[in-house]
Amino acid sequence: MPGRLLRGLWRRWSRYKYRFVPWIALNLSHNPRTLRYVPEESKDKVTPDEDVLGTLLKVFQALFLNDLNKQSDILTMLPEPVKSKYQDLLTLQHQRVNLVDNRHQQQNIFKPEEILYKTLGFSVARATSSLISAGRGVFVTKGLVPKGAVVSIYPGTIYQKYEPIFFQSIGNPFIFRCLDGVLIDGNDKGISKAVYRSCSGRDRIGPLKMSDSTWLTSEICNPLAVGQYVNNCSNAHFDVLFLLH
């Protein structure tokens, strides 16, 4: 019995240690799983930034259109470079206001996963795996995903290399370490959840929320915000693009 318990603890530690910041720091110089050399930044990209940004903009515009009556106030608060991407939505907003005033048409609200399917041809969701002890992961629930497509983003609190994250990293399998040493804490529970909610509340502009915290709940407004649940148990690399707000 003690041997079985020790073996179970060792297997759990073997999976978790790559997320434990002190262990990562001590093993950076000789552990191939935590350190990968890339001679040139441009050679490390699987998908060009333009394609990623184009896909995200398409999805976000569709989400805005789907719930424009509630989101229109946020559009007016966005910086001009961002607002310029949504000029067509502002025009459509005025048209819909007139339609509502005349009571000729009402807006149909779709679920976020339906918007994702209508926009990209597929939808994804986090769910429990059918495999024993496999935990939760991300599944394609509808449609087909073409090769090289953007399937998710990694939400969470971003920590620079010099910022402390010791206590958040304890028992936390959702810390993603980027090649440049930046850490993303995508845990939706415990201390990590409290830290993100605090930062989200700090970044408010009056009553308007300037960041999405629904990924911390079961009702996700951004259907792509499930990247932290994508199982990645290999040395293969994939693209991460930062979207700071």
Side-chain angles (χ1 to χ4, degrees), residues 1-38 44 46 124-141 145 150-200 212-220 222-242:
M1 184 66 180
R4 183 183 301 177
L5 179 61
L6 289 176
R7 285 194 298 271
L9 290 175
W10 178 254
R11 285 195 299 269
R12 185 171 182 180
W13 167 249
S14 297
R15 292 193 301 265
Y16 164 66
K17 63 184 179 181
Y18 302 104
R19 309 291 182 135
F20 188 52
V21 174
W23 186 92
I24 293 174
L26 292 174
N27 290 271
L28 277 178
S29 60
H30 59 271
N31 191 289
R33 177 160 181 173
T34 60
L35 183 65
R36 180 165 53 85
Y37 174 70
V38 178
D44 193 45
V46 177
V124 295
R126 58 190 184 190
T128 303
S129 174
S130 59
L131 300 177
I132 300 176
S133 302
R136 304 185 73 191
V138 175
F139 300 85
V140 178
T141 57
V145 180
V150 177
V151 295
S152 64
I153 61 176
Y154 203 102
T157 306
I158 297 176
Y159 292 89
Q160 300 299 325
K161 293 183 290 186
Y162 52 83
E163 293 181 308
I165 193 175
F166 175 80
F167 291 106
Q168 297 93 314
S169 71
I170 297 176
N172 185 356
F174 293 103
I175 294 180
F176 184 91
R177 189 180 66 83
C178 301
L179 191 64
D180 58 1
V182 172
L183 300 171
I184 308 176
D185 185 2
N187 195 359
D188 54 7
K189 300 178 181 64
I191 298 176
S192 303
K193 180 178 181 179
V195 170
Y196 188 90
R197 283 196 181 278
S198 176
C199 294
S200 179
D212 174 35
S213 60
T214 62
W215 65 272
L216 299 171
T217 70
S218 59
E219 300 294 331
I220 301 178
N222 178 5
L224 292 176
V226 294
Q228 78 275 37
Y229 279 93
V230 174
N231 293 326
N232 181 38
C233 236
S234 70
N235 290 330
H237 68 279
F238 52 91
D239 279 354
V240 173
L241 182 71
F242 291 106

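- Nearest heavy atoms, Pro155 versus Ile153: CD-O, 3.1 Å.
- Closest approach of Gln228 and Tyr154 over heavy atoms only: CA-CE1, 3.3 Å.
- Residue pairs satisfying the salt bridge (charged side-chain N to carboxylate O under 4.0 Å, His left out) criterion with at least one member in residues 185-199, sequence neighbours excluded, are listed as follows: Arg126-Asp188.
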Asn222 vs Thr214, side chain to side chain contact (heavy atoms under 4.5 Å, CB included): CA-CA, chis, key distance, verdict: CA-CA 8 Å; Asn222 178 5; Thr214 62; 5.6 Å; no
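- Taken from CZ in Phe167 to OG in Ser192, the straight-line distance is 13.0 Å, to the nearest 0.5 Å.
- In this structure, Ile220 CD1 and Ser213 OG are separated by 11.5 Å, a value rounded to the nearest 0.5 Å.
- In this structure, the separation between CZ on Phe176 and CG on Asn187 is 15.5 Å, given to the nearest 0.5 Å.
- When all heavy atoms of Leu216 and Tyr196 are compared, the pair lying nearest together is CD1-CD2, 3.9 Å.
- Partners of Ser198 by side-chain contact (heavy atoms from CB on, under 4.5 Å), not counting sequence neighbours: none found.
- Interatomic distance, CD1 of Ile165 versus CD1 of Ile158, reported as 11.0 Å (0.5 Å rounding).
- Annotation for Val230 and Ser152: closest pair CG2-OG, 4.0 Å, computed over non-hydrogen atoms.
- In this structure, OG in Ser129 is found 14.0 Å from OH in Tyr229, a value given to the nearest 0.5 Å.
- Around the CD atom of Glu163, the shell of radius 6.0 Å holds more than 12 heavy atoms that belong to other residues, nucleotides or ligands.
- Side-chain atoms of Val124 and Val226, non-hydrogen and from C-beta on, do get closer than 4.5 Å to each other.
- A search for side-chain contact (heavy atoms from CB on, under 4.5 Å) contacts involving Phe166 returns Phe20, Pro22, Ile170, not counting sequence neighbours.
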Intermediate values then yes/no, side chain to side chain contact (heavy atoms under 4.5 Å, CB included), Cys178 and Leu183: CA-CA 6 Å; Cys178 301; Leu183 300 171; over 6 Å; no
